[in-house]
There are 2 protein chains.
Amino acid sequence: MKSEIPPNTVARLSLYRRLLEAWLEKGTTHLYSHEIASMACVTPAQVRRDLMAIGYSGSPSRGYSVDALEDSIGRFLGSDTVRKIALVGMGNLGRALATYFVSRAPRFRMTAAFDNDPRKTGRVIAGCMVHPVEAIPGIIPAEGIRTAVLALPPESAQEMADTLVKAGVKGILNFAPVPLRLPGDVFLENRDVTASLEKVAFFSGQPREGN
Amino acid sequence: MKSEIPPNTVARLSLYRRLLEAWLEKGTTHLYSHEIASMACVTPAQVRRDLMAIGYSGSPSRGYSVDALEDSIGRFLGSDTVRKIALVGMGNLGRALATYFVSRAPRFRMTAAFDNDPRKTGRVIAGCMVHPVEAIPGIIPAEGIRTAVLALPPESAQEMADTLVKAGVKGILNFAPVPLRLPGDVFLENRDVTASLEKVAFFSGQPREGN
DNA sequence: CTGAAGTTGTGAAAACAGTAACAATGTTAC
DNA sequence: GTAACATTGTTACTGTTTTCACAACTTCAG
Ligand SMILES: NC(=O)c1ccc[n+]([C@@H]2O[C@H](COP(=O)([O-])OP(=O)(O)OC[C@H]3O[C@@H](n4cnc5c(N)ncnc54)[C@H](O)[C@@H]3O)[C@@H](O)[C@H]2O)c1
Ligand SMILES: NC(=O)c1ccc[n+]([C@@H]2O[C@H](COP(=O)([O-])OP(=O)(O)OC[C@H]3O[C@@H](n4cnc5c(N)ncnc54)[C@H](O)[C@@H]3O)[C@@H](O)[C@H]2O)c1
């Protein structure tokens, strides 16, 4: 076998789907690649290539069926069922994320949160039950959770990541500004905000060629 | 001219610097590329390439001088002076970010925050003065701010981005889950958390080859 | 001094990501 | 029916990012 899905394509598909949902509600039945591209701020060729990756075909005359495409992306991303997520670290960022996902990302369910602060554990915060970290090895496998979000201080991120992986987690979205060493079969996405800002600040300084 | 700095290199340099600072405090004077690589969880070749990009040279026998390298990265990233940042949207995420930068990212100063909610404007929140959005065209140029962070609802992100750009902003870190249409000379970094989670959840599901 | 060991700097290759180009195809105008 | 048109699916290309591989260099043991 040769085919692999580029991670960037997956991220764009997520965006396309959200855009399509808005059009679905307005009753639009078909869209051309250049219309989707324009909304997503990418090139039409990029859109067609991404849709090729999931094996969805449009009609040369009508474009893509909003309904069928939305459905097709949904099935590809595997979100027929709501995906269960674990959150570790219910601090400032963790609370904001929990609030965000409850209200704005209905396809993900923050099934369980974990913290080691006894003032936070045992309570429901932002619609999410907070358990002590000792409960990770019990709850993660029992719930069949495979995906976790880390919003921990840098010092404890690696340790908790190891615990999660041992409990069966196969993908981690890490907000702590430290690199994590994980087995190769665990998918890791780092969102180091400091590094992102450093990048933006750097390129804000030196002029870039416009278009 | 031919040389351009890859954005990813800038982000990694930010990470290297933080790691080096920790070693500086411990009194370590020299490090080899493979030691830096191990800490940053990248390959040694990657480290050497990144350092080549900023024109820093180590010694084949002693490796890189922690002190001189830290200094060199600092001068390259332009952070001799603290960089001024504007934050737009002081909601759940904005407040968490402001708190984070005050306490953990001393190289950036959140010079001004903006919001359109009168209950928030005119007050200091998380160490950061919140102005009404009408003040953007006045404050941004006056302070010489070139970099902004967007933590706004999707509906108002494009509008505020336009306002910021008109006021002179040259780089935007966008947390709203919508694509932004900006002039080509403005550097844009999107941090769409939903898309990131979607990516992680996707690859958590299907097995990956380990190493 | 010589050789072994270990590291850097960098050209070349590979992997990855995005763009362009175009044949194939359905649609419309007449 | 058919010519003109617009769009898709796909292949080939271009550019960027990462890895590989190795010459050049420094040190040190003997
Ligand atoms: N606040 C932000 O906007 C922001 C932005 C980017 C990155 N981050 C990063 O995200 C992480 C969390 O940031 P924050 O602002 O929420 O910090 P915070 O201190 O508010 O929250 C950290 C939480 O983790 C818990 N915790 C600490 N050690 C733990 C452990 N061993 N096991 C379980 N829970 C533990 C604490 O009890 C606390 O609730 C930090 O690494 C920070 O650098 C934060
Ligand atoms: N909360 C999170 O953890 C999180 C995570 C990822 C992405 N996001 C995104 O970040 C954005 C903000 O999220 P949030 O949770 O902070 O939402 P929020 O509703 O808590 O905060 C939004 C803030 O923006 C202000 N605002 C609204 N319209 C404005 C305008 N036109 N001009 C200026 N200010 C305006 C509001 O007054 C409010 O203070 C959203 O787009 C959300 O999708 C949030």
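Below, each value reflects all heavy atoms present in this structure, side chains not excepted, and no hydrogens, waters or symmetry copies.
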Side-chain donor-acceptor distances from residues 5-14 of chain B under 3.5 Å, at least two apart:
from	atom 1	to	atom 2	distance (Å)
B:T9	OG1	B:D50	OD1	3.0
B:R12	NE	B:D50	OD2	2.6
B:R12	NH2	B:D50	OD1	3.1
B:S14	OG	A:E198	OE1	3.3
B:S14	OG	B:R18	NH2	3.3

**Q.** Verdict with reasoning, B:S65 to B:L69, per side-chain contact (heavy atoms from CB on, under 4.5 Å)
**A.** CA-CA 6 Å; B:S65 154; B:L69 178 54; 5.8 Å; no
Could you tell me how far apart [X] ([atom1]) and [N] ([atom2]) are, to the nearest whole angstrom?
X: A:L69; N: D:dG9; atom1: CG; atom2: P; answer: 10 Å
X: B:D50; N: D:dT19; atom1: CG; atom2: C1'; answer: 12 Å
X: A:I54; N: D:dG9; atom1: CD1; atom2: P; answer: 11 Å
X: A:R49; N: C:dA21; atom1: CZ; atom2: C1'; answer: 13 Å
X: A:M52; N: C:dG18; atom1: CE; atom2: P; answer: 14 Å
X: A:I5; N: C:dC16; atom1: CD1; atom2: C1'; answer: 14 Å
X: B:E4; N: D:dT17; atom1: CD; atom2: C1'; answer: 14 Å

Distances under 3.5 Å between nitrogen or oxygen atoms of protein and nucleotides 27-30 of chain C:
from	atom 1	to	atom 2	distance (Å)
C:dT27	OP1	A:S61	OG	3.4
C:dT27	OP1	A:R62	NH1	3.3
C:dT27	OP1	A:R62	NH2	2.9

Q | Selection: residues 7-22 of chain A, any non-hydrogen atom under 4.0 Å of DNA chain C | A |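 Hits under 4.0 Å, by residue number: A:N8, A:R12.
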Q | Members of residues 30-48 of chain B that approach DNA chain C, where some heavy atom sits under 4.0 Å away | A |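 Those residues whose heavy atoms fall under 4.0 Å from DNA chain C, taken from residues 30-48 of chain B in numerical order, are B:Y32, B:S33, B:H34, B:R48.
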**Q.** For B:F76, all residues meeting ring pair (Phe, Tyr, Trp, His ring centres under 6.0 Å), sequence neighbours excluded
**A.**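 Ring pair (Phe, Tyr, Trp, His ring centres under 6.0 Å) list for B:F76, sorted by chain: A:F202.
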Q: Name all residues meeting the ring pair (Phe, Tyr, Trp, His ring centres under 6.0 Å) criterion together with B:F108; count only those two or more places apart in sequence or in a different chain, and write none if there are none.
A: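 None.
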Q) Which is it for B:D71 and B:R75 under the salt bridge (Lys or Arg N to Asp or Glu O under 4.0 Å) test, yes or no, and what are the steps along the way? A) CA-CA 6 Å; B:D71 193 61; B:R75 259 178 298 114; 3.0 Å; yes
Q: Verify whether one side chain among B:S196 and A:R191 offers a donor that lies under 3.5 Å from an acceptor in the other.
A: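 Side-chain D/A pair, B:S196 to A:R191: present.
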**Q.** Trace of the side-chain contact (heavy atoms from CB on, under 4.5 Å) decision for A:I172 with A:V165
**A.** CA-CA 9 Å; A:I172 291 180; A:V165 169; 4.3 Å; yes
Q.
Could you report the tightest heavy-atom contact between B:G205 and A:R146, atom names first, then the distance?
A.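 Distance-wise, the nearest heavy atoms are O-NH2, 3.6 Å.
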Q: Inspect the contact between B:E189 and A:K199 and indicate whether a charged nitrogen and a carboxylate oxygen are less than 4.0 angstrom apart.
A: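 Salt bridge between A:K199 and B:E189, a charged N being under 4.0 Å from a carboxylate O: yes.
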Q. Between B:V133 and B:M160, does a side-chain contact (heavy atoms from CB on, under 4.5 Å) hold up when you go through it step by step?
A. CA-CA 8 Å; B:V133 293; B:M160 286 298 110; 3.9 Å; yes
Q: Go through B:L180 and B:L188 one step at a time and tell me if the side-chain contact (heavy atoms from CB on, under 4.5 Å) criterion holds.
A: CA-CA 8 Å; B:L180 297 180; B:L188 171 65; 4.1 Å; yes
